[in-house]
Participant: 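Right, I'll just put the structure down here and ask away after.
Counting starts at 1 for both ligands and their atoms, following the listed order. Quick caveat: nothing in here was measured; it's all calculated off a predicted structure.
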Amino acid sequence: MVCRSCGRPDPQPFLDLGHTPLADALVKPDAVGRPEDRFPLVVAYCPRCHLVQITEEVPQERLFVDNYLYFSSFSDIVTSHGRAHADNLVETRGLGADSLVVELASNDGYLLRRFLDAGVPVLGIDPAPDQAAAAIAQGVPTLTEFFGIAMAERLRSNGTGADVIIANNVMAHVPDLNGFVAGMAHLLNEDGLITVENPTVQDLIDHGEFDTVYHEHFCYYSCLSVDALVRRHGLFLNDVEYFPELHGGTLRWYIEKRDAPTERLAERLAHERQAGLDDFAYYADFGDRVEGIKADLLALLRDLADQGRTVAGYGAAAKGATLLNSVGIGTDLVAWVVDRNTHKQGLHMPGTNQEIRDPAVLLTDAPDHVLLLAWNHIAEIRVQQEEYLARGGRFIVPVPTPKVL
Ligand code: DWN
């Protein structure tokens, strides 16, 4: 393979999580036990442009169109984070009735709804039919297609130009990375602003967040790799914000057609170089560290099973599928999983088959422990499960160090 950003041949592999099923390909009850497609899950580093990426390319349609069940609005922290961003942009960019905000991967439209409430015209773009339908149902104009240079040219030829483009948790999800960025450059007005959010590869490595690797996430970014990527398309990374509590550590990059880097960006770029993110040595031992985390988690769960303790999982998250499958956690160790996304309830986890149930059963079935597969939402989950904890239930976190809380 070649680097998805700069095209340099053979990025250097440093993590191999085996052959795993698609993380969001939840299994219908009557299909449990049937063979599931599995794909290599290997992560590599490009020494030229510093992009971290997986080596396998699963067709986008299989990832985000066939029965994609992720709805942003099932997380309060995600929706409140997005609304604060929308309010800040309306104010700082002076957006109004003559503006246009375009969101790529607009999901169920919760973010664009906020701009509409402020009187700012919007356009959502998301290929997942159920999520797009949910957005349209609440009045958010949405194109149910993948975004790329072809769509940008079509929109521009119709006289559509964006004052703001928002791309949250999508630039990691596109196989044609250069087509995606070229599309943003083409659609953006001369004095426009693009904001891109994705988890930071530095927290993935430093905090052992290997479960955030799955086939939907083609790339894992640093400021260094984003800077190299956008410059190739006449865009400039000018600013960055860090949100340590979001999805295990998220960066928001501010990208424009003018080259005006802030001090905050310069500091973050220097910090990344100082930490070694521009050198393979920084990534080289991650695979061994992950093997240690996997072994420790398996030992902890087996020990609890030997003691006759019951363990359930919380969050039918994509990261949860990677964790269960790469560690080898079957229903003998985690009996079932709960999730408040009603679209997921009644289905089963891919590869390991745990049934996905309503979180209310934590009180009726009272498992001794709950493994937080969606550990990134621990604050919200802790509040919701106050009663479960008050009755003596215990959470287990899998990363960075598996432990019973
Ligand atoms: O990039 C992506 C990230 C941002 O979100 C997408 N590719 C897919 C998705 O990854 P994930 O599934 O690992 O994300 P979450 O947000 O960690 O998944 C959380 C799961 O937990 C969801 O299915 C919803 C559920 N949940 C819950 O049951 N109770 C979430 C919260 C906050 C809760 O209180």
Participant: Between Asp24 and ligand 1, is there a nitrogen or oxygen pair with a distance under 3.5 Å?
Facilitator: no
Participant: Looking at Arg302, I want to see if its CZ is surrounded by more than 12 non-hydrogen atoms of other residues, nucleotides or ligands under 6.0 Å.
Facilitator: no
Participant: Only heavy atoms of His247, strictly under 4.0 Å: list the atoms of ligand 1 that pass.
Facilitator: 4 (C), 16 (O)
Participant: Hey, looking at atom 20 (C) of ligand 1, which of Ile381, Asp339, Val170, Leu323 has the closest heavy atom?
Facilitator: Asp339
Participant: I'd like to know if the side chain of Arg8 and the backbone of Cys46 have a donor-acceptor N/O pair within less than 3.5 Å.
Facilitator: no
Participant: Only heavy atoms of Gly315, strictly under 4.0 Å: list the atoms of ligand 1 that pass.
Facilitator: 21 (O)
Participant: Measuring from non-hydrogen atoms of Tyr314 to any atom of ligand 1, is the shortest distance under 4.0 Å?
Facilitator: yes
Participant: Which protein non-hydrogen atom lies closest to atom 1 (O) of ligand 1, naming both residue and atom, and how far is it?
Facilitator: His217 NE2, 2.9 Å
Participant: Show which atoms of ligand 1 fall inside a sub-4.0 Å distance from at least one heavy-atom site of Lys344.
Facilitator: 22 (C), 23 (O)
Participant: How about Phe180 and Phe147: are their ring centres within less than 6.0 Å of each other?
Facilitator: yes
Participant: Using every non-hydrogen atom in the two residues, find where Leu372 and Ile381 come nearest and quote the distance to one decimal.
Facilitator: CD2-CG2, 4.2 Å
Participant: Of all the heavy-atom pairs spanning Arg156 and Leu187, show the shortest one and how long it is.
Facilitator: NH2-O, 3.0 Å
Participant: Within the 4.0 Å heavy-atom shell around Lys319, which atoms of ligand 1 are there?
Facilitator: 11 (P), 13 (O), 14 (O), 15 (P), 17 (O)
Participant: Mark up the atoms of ligand 1 that fall under 4.0 Å of a heavy atom belonging to His173, in ascending order.
Facilitator: 1 (O), 2 (C), 6 (C), 7 (N)
Participant: Using a plain distance cutoff, I'd like to know if Ser75 has any nitrogen or oxygen under 3.5 Å from a nitrogen or oxygen of ligand 1.
Facilitator: no
Participant: Which residue and atom name correspond to the protein heavy atom nearest atom 18 (O) of ligand 1, and how close is it?
Facilitator: Ala317 CB, 3.5 Å
Participant: Centre of Tyr242's six-membered ring, under 6.0 Å away, within 45 degrees of the axis: is that where NZ or CZ of Arg268 sits?
Facilitator: yes
Participant: Counting heavy atoms only, which part of Asn376 comes closer than 4.0 Å to ligand 1: side chain, backbone, both or neither?
Facilitator: side chain
Participant: Identify the protein heavy atom lying closest to atom 12 (O) of ligand 1, giving its residue, its atom name and the separation to 0.1 Å.
Facilitator: Ala318 N, 2.8 Å
Participant: Among His377, Glu197, His343, which one puts a heavy atom closest to atom 15 (P) of ligand 1?
Facilitator: His377
Participant: If we set the cut-off at 4.0 Å for heavy atoms, which region of Arg340 has an atom near ligand 1: side chain, backbone, both, or neither?
Facilitator: both
Participant: For the pair Ser80 (side chain) and Asp76 (backbone), establish whether a donor and an acceptor sit closer than 3.5 Å, ignoring hydrogens and angles.
Facilitator: yes
Participant: Write down the atom of Pro350, the atom of Ala25, and the distance for their closest heavy-atom approach.
Facilitator: CB-O, 3.5 Å
Participant: Ring centroid separation for His81 and Phe243, is it under 6.0 angstrom?
Facilitator: yes
Participant: With heavy atoms of Phe74 as the reference, note each atom of ligand 1 found under 4.0 Å away.
Facilitator: 30 (C), 31 (C), 32 (C)
Participant: May I ask you to list the atoms of ligand 1 that are less than 4.0 angstrom from any heavy atom of Gln384?
Facilitator: 33 (C), 34 (O)
Participant: What are the two closest non-hydrogen atoms of Ala275 and Gln202, and how far apart are they?
Facilitator: CB-NE2, 3.6 Å
Participant: Which protein heavy atom lies closest to atom 10 (O) of ligand 1, and at what distance to 0.1 Å?
Facilitator: Tyr214 OH, 3.0 Å
Participant: Ignoring hydrogens and angles, state whether a donor on the side chain of Thr322 or Asp211 is under 3.5 Å from an acceptor on the partner side chain.
Facilitator: no
Participant: Taking the six-membered ring for Trp, are His173 and Phe218 closer than 6.0 Å centroid to centroid?
Facilitator: no
Participant: Of all the atoms in ligand 1, which lie at a distance below 4.0 Å from a heavy atom belonging to Glu216?
Facilitator: 6 (C), 7 (N), 8 (C)
